[in-house]
S.K.: 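First the structure, which I've put down as structure tokens, then a few questions once you've had a look.
Each chain gets a letter, A, B and so on, in the order the sequences are listed, and its residues count up from 1. This one's a predicted model, so the numbers in the text were calculated from it and none came from an experiment. Computed from heavy atoms alone, side chains included, the values below leave out hydrogens, waters and symmetry copies.
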Amino acid sequence: MIEFKHVSKTFYIGKSEVQAVKDVSLTIAQGDIFGIIGFSGAGKSTLLRLVNMLERPTAGKVIIQGTDISTLSPKKLREERQNIGMIFQNFNLFNSRTVAGNIAYPLKLAGMKKTQITERVQELLQFVGLTDKAKHYPDQLSGGQKQRVGIARALATSPDVLVCDEATSALDPETTGDILKLLKKVNQELGITILLITHEMHVIQSICNKVAIMEDGAVIESGPVFDTFTNPQHPTTRRFIGSVQQDLPSAHILQEWRRHNEGSLYRVTFTGDTTNDPVLSSITKKHNVDFNIVYGSVQELQNKLFGNLIVSFTGQETAISRTLEALNDIVTLEEVTDIEG
Amino acid sequence: MKVDWMTFWPRIVEATGETLIMVVATLIFGSIIGISMGLLLFVTRDNNILENKWVFQALNILINIIRPVPFIIFLVAISQLTRLVVGTTIGTAAAIFPMTIVASFSIARVVENNLVSIDPGVIEAAQAMGASPLRIIFTILIPEALGPLILGLTFICVGLFDFSAVAGTVGGGGLGHIAMTYGYQRFDGSVMLVTVIILIVMVQLAQWIGNTLSKKLMRR
């Protein structure tokens, strides 16, 4: 478990000061895949480096499994770091060592016996699917393979926590998918808590169970990924969500639609069980109203379905308003205004 | 008077040996001191693993003072110190002392420059794994920079032949001394030619060894 308690970090560059992290409090529970998302310069990278004291907080505490790690002596901190694996955007492999040598390095640091190291390296190579690359050097590997080595190296000492610094940002979409799958496997099979930072919402969408959104050094919103996606509070959060799911047709299409049709457009949002029931058709049928889906999608998020439809209704005015009332009891309903588009 | 080559060859062989001793001994001592200084210079930089403004500045200034002084002037300028340490200012041993000092500072710079080119992320990764600063120096910094480092040392080594010749002119012995006394002062072109050829061969050999070694170690 990782706890940030009112953590701040200020950098002093010459006479100017930059507050990279501002009073952040977050709890990452055992077994979480916790994602921190933000635009570049939001302070997420600094926040991540506070976990293993690559950066020291100017205020507040970082508590890992009950110990405040900023109070540890240098020696104790080095021991604690063996319990926190880290992977990087640019992999940071040791170019002078082979794949096996890279993975063996943290084990040597931990003082493991040579025969045990060989065994453990084999085990890790198998886990990340690189058994045939043991004797290769990093410059002979593709980006995805390099990150697999990075992951194997980070997992070598069986840490409780894995922190990922933009681990997929330098990879192509397909490789990104593979690496994300591997991270999920790390979490599920080895029970390792993962804290990752990214600027890509699809990373959060595909593997995280919890998310925090950072802006300007502060956490502006955090919670379970499903809740955040279905009910975002902050405009920045909506922008991130908009980057992976377009929940509204373009302004052009909206204008076209209004030119040819009368009445209003409504956004109907289904979550959980309501996605399985024929809510729209049963209610409209009951009130003798027709509906037309103008735009929309149903997606899977965290093993739950989440639907978002833009709908128009035609029929008697009173019937429509009764339909809207009835719908409002079961699903989330809001009128679409042009400003949104 | 021209030299009699029948009796002069042993003199050439001896001088070649002296030059080799000067260069190799300087390279060994200079590398030990220079690499240590270069590492210290690098790790005490701002934001590095053993950041220390005072140590860094002191070393930096010292290097900047010694390096621009022309070797022949430096050689003479520290002759009192050479006498104190070696006991004499004449001969091969007396030449090795000032050569080592100058080489050390040059090597320190070369080492620092090579270390700077290491991706800081690699050092950060080692830190994140719990490696101590000393461990990082010996198991990350040196191996990661070894290929270019050997090339840098080769470059210095070639320069040392130059230094040895300069030292030779002021009593250091070696091929420089032979070339000056017989080739220059007695106008014997054949001696000059022979020493130049031997120097060229030695330099080529040094460069070849350096290139081969670094190619073997270079993983980039």
S.K.: Can you confirm whether more than 12 heavy atoms, excluding those of B:F71, are under 6.0 Å from its CZ atom?
M.R.: yes

S.K.: Given heavy-atom pairs under 4.5 angstrom as the criterion, report whether the side chain, backbone, both or neither of A:K75 touches chain B.
M.R.: neither

S.K.: Non-hydrogen atoms of chain B under 4.5 Å away: do they reach the side chain of A:L109, the backbone, both or neither?
M.R.: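 When you check distances to chain B, atoms from both the backbone and side chain of A:L109 fall under 4.5 Å.
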
S.K.: Should we count CZ of A:F127 as having more than 12 external heavy atoms under 6.0 Å?
M.R.: yes

S.K.: Other residues, nucleotides and ligands only: do more than 12 of their heavy atoms fall within 6.0 Å of NZ on A:K22?
M.R.: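 Yes - once you tally the heavy atoms of other residues, nucleotides and ligands closer than 6.0 Å, there are more than 12.
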
S.K.: Got B:I140 and A:Y105 here, is their nearest side-chain heavy-atom distance under 4.5 Å?
M.R.: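 When only atoms from C-beta onward are counted, A:Y105 and B:I140 do touch, with a gap below 4.5 Å.
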
S.K.: Just verifying a value: how many Å separate B:E144 CD and A:R97 CZ, rounded to the nearest 0.5 Å?
M.R.: 7.5 Å

S.K.: Side chain, backbone, both or neither: which part of A:I87 has an atom under 4.5 Å from a heavy atom of chain B?
M.R.: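 It is neither, since no heavy atom gets under 4.5 Å.
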
S.K.: Looking at every non-hydrogen atom in both residues, tell me the closest pair between B:P133 and A:R78 and how far apart they are.
M.R.: CD-NH1, 4.0 Å

S.K.: Measure the spacing between CG of B:D119 and CG of A:L93 and express it to the nearest 0.5 Å.
M.R.: 10.0 Å

S.K.: Pick one of side chain, backbone, both or neither for A:F88, based on which atoms fall under 4.5 Å of a heavy atom in chain B.
M.R.: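 Looking at A:F88, just its side chain touches chain B.
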
S.K.: Out of curiosity, A:N92 CG to B:E124 CD, how far, rounded to the nearest 0.5 Å?
M.R.: 7.0 Å

S.K.: Taking atom CZ of A:F39 as the centre, does the number of heavy atoms from other residues, nucleotides or ligands within less than 6.0 Å exceed 12?
M.R.: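 Check passes, neighbour count above 12.
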
S.K.: Counting only heavy atoms not in A:K76 (residues, nucleotides, ligands), do more than 12 fall under 6.0 Å from its NZ?
M.R.: no

S.K.: Are side-chain heavy atoms of A:K108 and B:M129 found at a separation under 4.5 Å?
M.R.: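 No - every pair of side-chain heavy atoms lies 4.5 Å or more apart.
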
